[in-house]
Amino acid sequence: MQTEVYSISEKHVPKSGMTISTNVKIGKTSKVHHFSLGSGTDISKEAYNNPVIYIGAYGTGMFDIGKDGNCKLPMNSQNIIFLHEGTWCGVNSVGEKGLIYTEILFEKEIKMNEILKANEVFDLKSLIDYEEGSIVNMDLVSGEGIKFMILSFDDGCMLSEHKAPGDALFFALEGKATIGYEGKKYNIKEGENFRFEKNGLHSVKAEGKFKMALLLNKE
């Protein structure tokens, strides 16, 4: 795997008339995919036997929740939607840009933070605040195999070098930071992403106030 700062929206540009699903390959048995929907395309309603989270990366879409079609939720960049297992859901891209989002399937037995309500849309970076001189860590969803969390860093705060216990996908939500990874430094800003491999030695230093999300495989 090539180590680099990248953008999901730039690596998975929507193509006219197409719906593209890409396995993120987090861990050995990945249940994480990036979806890219061209303008005017859609995914018919389906229901998983797992709890699922959707995270917007680019463009605009509409999620049609439930069999009766009475719950419709807009999806934009950094929006997050959580659904319980067995919930019917369809997706439509809206507008000329198309829609890009990440889908994460969890095990049935998970711990979900009460701040994240099912069948509602939230702005991901607004779920956590800053604390003076501190790093704040909030688990949103945690299961046996995968954990999804958000963090906020006050100006200059830093996570010292440590090893990743599993493969991880890093989402920069607000501000800028410097990632140290296996002896190299990478600058990252809002809207960009980075991947850690298991046992990868890394650090994170905020350059001003900074927020991020982390998807960690625990296999």
Side-chain angles (χ1 to χ4, degrees), residues 1-11 24-32 34 53 55-57 77-80 82 102 104-107 110-116 122-219:
M1 180 190 72
Q2 183 178 2
T3 302
E4 62 179 350
V5 174
Y6 69 97
S7 169
I8 292 173
S9 62
E10 292 178 358
K11 291 194 74 169
V24 180
K25 298 182 180 179
I26 294 289
K28 297 178 181 178
T29 57
S30 174
K31 293 184 179 179
V32 183
H34 297 316
I53 275 181
I55 306 168
S77 177
Q78 294 196 10
N79 283 168
I80 181 170
F82 170 77
T102 300
I104 307 168
L105 296 180
F106 293 88
E107 308 92 343
I110 62 170
K111 295 180 180 178
M112 186 182 75
N113 194 306
E114 293 181 355
I115 197 172
L116 195 61
F122 297 89
D123 179 41
L124 187 55
K125 66 184 178 182
S126 297
L127 294 176
I128 194 168
D129 294 323
Y130 293 104
E131 295 288 340
E132 185 176 355
S134 303
I135 299 173
V136 182
N137 183 348
M138 179 190 296
D139 288 351
L140 291 181
V141 184
S142 180
E144 182 178 348
I146 288 181
K147 177 184 285 191
F148 184 65
M149 67 191 82
I150 50 177
L151 300 92
S152 69
F153 295 67
D154 197 18
D155 186 10
C157 286
M158 178 178 180
L159 286 176
S160 299
E161 272 194 333
H162 61 285
K163 290 186 177 181
D167 296 339
L169 180 60
F170 185 114
F171 301 76
L173 303 176
E174 183 173 84
K176 300 178 181 179
T178 299
I179 297 173
Y181 186 77
E182 294 293 332
K184 296 183 179 180
K185 292 185 178 180
Y186 301 85
N187 297 320
I188 192 167
K189 64 181 184 297
E190 179 177 339
E192 294 181 333
N193 305 86
F194 194 86
R195 287 189 61 159
F196 299 147
E197 289 187 323
K198 184 176 182 179
N199 295 321
L201 187 64
H202 66 281
S203 62
V204 181
K205 182 180 179 181
E207 307 295 344
K209 292 182 181 294
F210 179 69
K211 291 183 181 179
M212 60 169 280
L214 187 69
L215 176 65
L216 175 65
N217 173 74
K218 300 192 294 180
E219 292 179 330

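Model, not experiment: these values are computed from the prediction. Note: hydrogens, waters and symmetry copies are ignored here, and every other heavy atom, side chains too, is used. Sequential numbering from 1 along the given sequence is applied to the chain's residues.
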S.K.: So Ile104 and Val141, side chain to side chain contact (heavy atoms under 4.5 Å, CB included) or not? Walk me through it.
M.R.: CA-CA 10 Å; Ile104 307 168; Val141 184; over 6 Å; no
S.K.: Check whether any side-chain heavy atom of Val32 lies under 4.5 Å from a side-chain heavy atom of Thr102, and answer yes or no.
M.R.: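 A side-chain contact under 4.5 Å exists here.
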S.K.: Would you confirm whether Asn187, through its side chain, and Thr178, through its main-chain N or O, come within 3.5 Å as a donor-acceptor pair?
M.R.: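 A pair under 3.5 Å: no.
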S.K.: So, for Gly175 and Phe210, which heavy atoms are closest and what is the spacing to 0.1 Å?
M.R.: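 What the structure gives for the nearest pair is C-CD1, 3.7 Å.
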S.K.: For the residue pair Arg195 and Val24, establish whether any side-chain heavy-atom pair is separated by less than 4.5 Å.
M.R.: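 Contact flag for Arg195/Val24 side chains = yes.
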S.K.: Can you measure from CG (Asp139) to CG (Leu214) and round to the nearest 0.5 angstrom?
M.R.: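 Answer for the CG-CG pair, Asp139 versus Leu214, is 10.0 Å.
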S.K.: Please give me the minimum heavy-atom distance between Ser203 and Ser160, naming the atom from each residue.
M.R.: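 Closest heavy-atom pair between Ser203 and Ser160: CB-C, 4.0 Å.
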S.K.: In Å and rounded to the nearest 0.5 Å, what is the CD to CD distance from Glu192 to Glu4?
M.R.: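 The CD atom of Glu192 sits 10.5 Å away from the CD atom of Glu4.
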S.K.: State whether the side chain of Asn193 and the backbone N or O of Ile8 hold a donor-acceptor pair below 3.5 Å, judged by distance alone.
M.R.: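 Yes, the answer is positive, given that a donor and an acceptor are paired below the 3.5 Å cut-off.
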S.K.: Strictly distance-based, threshold 3.5 Å: is any side-chain N or O of Lys125 a donor or acceptor partner for the main-chain N or O of Glu174?
M.R.: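 A pair under 3.5 Å: no.
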S.K.: Quick check: are there more than 12 heavy atoms from other residues, nucleotides or ligands sitting under 6.0 Å from NZ of Lys209?
M.R.: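 Yes, enclosed.
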S.K.: Between Phe106 and Phe148, does the ring centre distance come in under 6.0 Å?
M.R.: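 No.
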S.K.: Take Leu215 and Ile146 through the side chain to side chain contact (heavy atoms under 4.5 Å, CB included) test and state the conclusion after the steps.
M.R.: CA-CA 7 Å; Leu215 176 65; Ile146 288 181; 3.3 Å; yes
S.K.: Indicate the atoms forming the closest heavy-atom contact of Ser142 with Lys147, along with that distance.
M.R.: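 For Ser142 and Lys147, the tightest heavy-atom pair comes out as OG-CE, 3.6 Å.
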S.K.: With rounding to the nearest 0.5 angstrom, report the CG to CD1 distance, Leu169 to Ile55.
M.R.: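 Result: 8.0 Å between the selected atoms.
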S.K.: Does any non-hydrogen side-chain atom of Ile128 lie less than 4.5 Å from one of Leu173?
M.R.: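 Not touching, per the 4.5 Å side-chain cut-off.
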S.K.: Where do Gly208 and Asp155 come nearest, in terms of heavy atoms and distance?
M.R.: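 It is N-OD1, 3.0 Å.
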S.K.: Please find the pair of heavy atoms, one from Ile110 and one from Gly143, that lie closest to each other, and give the distance.
M.R.: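 Closest heavy-atom pair between Ile110 and Gly143: CG2-CA, 4.2 Å.
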S.K.: Could you check whether any side-chain heavy atom of Ile179 comes within less than 4.5 Å of a side-chain heavy atom of Met212, counting everything from C-beta outward?
M.R.: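 No, too far: nothing below the 4.5 Å cut-off.
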S.K.: I'd like to know if the side chain of Ser152 and the backbone of Asp129 have a donor-acceptor N/O pair within less than 3.5 Å.
M.R.: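 Yes, the answer is positive, given that a donor and an acceptor are paired below the 3.5 Å cut-off.
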S.K.: State which residues pass side chain to side chain contact (heavy atoms under 4.5 Å, CB included) with Glu131; sequence neighbours excluded, sorted by chain then number.
M.R.: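 With neighbours one apart ignored, the set is Ser134, Val136.
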S.K.: Where the side chain of Glu182 meets the backbone of Leu201, is there a donor-acceptor pair that is under 3.5 Å apart?
M.R.: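 Yes, Glu182 side chain to Leu201 backbone: donor-acceptor pair under 3.5 Å.
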S.K.: Could you state the interatomic distance from NZ (Lys31) to CD1 (Ile26), rounded to the nearest 0.5 Å?
M.R.: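 Answer for the NZ-CD1 pair, Lys31 versus Ile26, is 15.0 Å.
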S.K.: So if I apply the side-chain contact (heavy atoms from CB on, under 4.5 Å) rule between Phe170 and each of Tyr186, Tyr181, Phe194, which one comes out positive?
M.R.: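 Exactly one pass, corresponding to Phe194.
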S.K.: Which value, rounded to the nearest 0.5 Å, describes the distance between Glu197 atom CD and Asp167 atom CG?
M.R.: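 Rounded to the nearest 0.5 Å, the CD-CG separation comes to 6.5 Å.
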S.K.: Short question: side chain of Lys11, backbone of Tyr6 - any donor-acceptor pair under 3.5 Å?
M.R.: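 No: the side chain of Lys11 does not pair with the backbone of Tyr6.
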S.K.: Which residues pass the ring pair (Phe, Tyr, Trp, His ring centres under 6.0 Å) test with Phe122, sequence neighbours left out?
M.R.: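 Partners of Phe122 by the ring pair (Phe, Tyr, Trp, His ring centres under 6.0 Å) criterion come out as none, since no residue qualifies.
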S.K.: Using only atom types and a distance under 3.5 Å, with no angle test, would you say the side chain of Asp154 pairs donor to acceptor with the backbone of Gly133?
M.R.: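 Confirmed, Asp154 side chain pairs with Gly133 backbone.
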S.K.: Decide yes or no for Val204 and Ile188: does some side-chain heavy atom of the first lie under 4.5 Å from some side-chain heavy atom of the second?
M.R.: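 When only atoms from C-beta onward are counted, Ile188 and Val204 do not touch, as no gap falls below 4.5 Å.
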S.K.: Using only atom types and a distance under 3.5 Å, with no angle test, would you say the side chain of Asn217 pairs donor to acceptor with the backbone of Gly166?
M.R.: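 Not a single qualifying donor-acceptor pair exists.
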S.K.: Roughly how far, to the nearest 0.5 Å, is CZ of Phe82 from CD1 of Ile53?
M.R.: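 Spacing of CD1 (Ile53) from CZ (Phe82) equals 6.5 Å.
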S.K.: Would you name the heavy atoms of Ser7 and Gly191 that are closest together and state the gap between them?
M.R.: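 Answer, listing the atom of Ser7 first, then Gly191: OG-O, 3.7 Å.
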S.K.: Distance-only, no hydrogens or angles: does the His202 side chain make a donor-acceptor pair with backbone N or O of His162 under 3.5 Å?
M.R.: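 Present.
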S.K.: Do Met138 and Asn113 come within less than 4.5 Å of each other through their side chains, counting heavy atoms only?
M.R.: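 Counting from C-beta outward, Met138 and Asn113 do come under 4.5 Å.
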S.K.: By ring pair (Phe, Tyr, Trp, His ring centres under 6.0 Å), which residues pair with Tyr130, not counting sequence neighbours?
M.R.: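 Residues passing ring pair (Phe, Tyr, Trp, His ring centres under 6.0 Å) with Tyr130: none at all.
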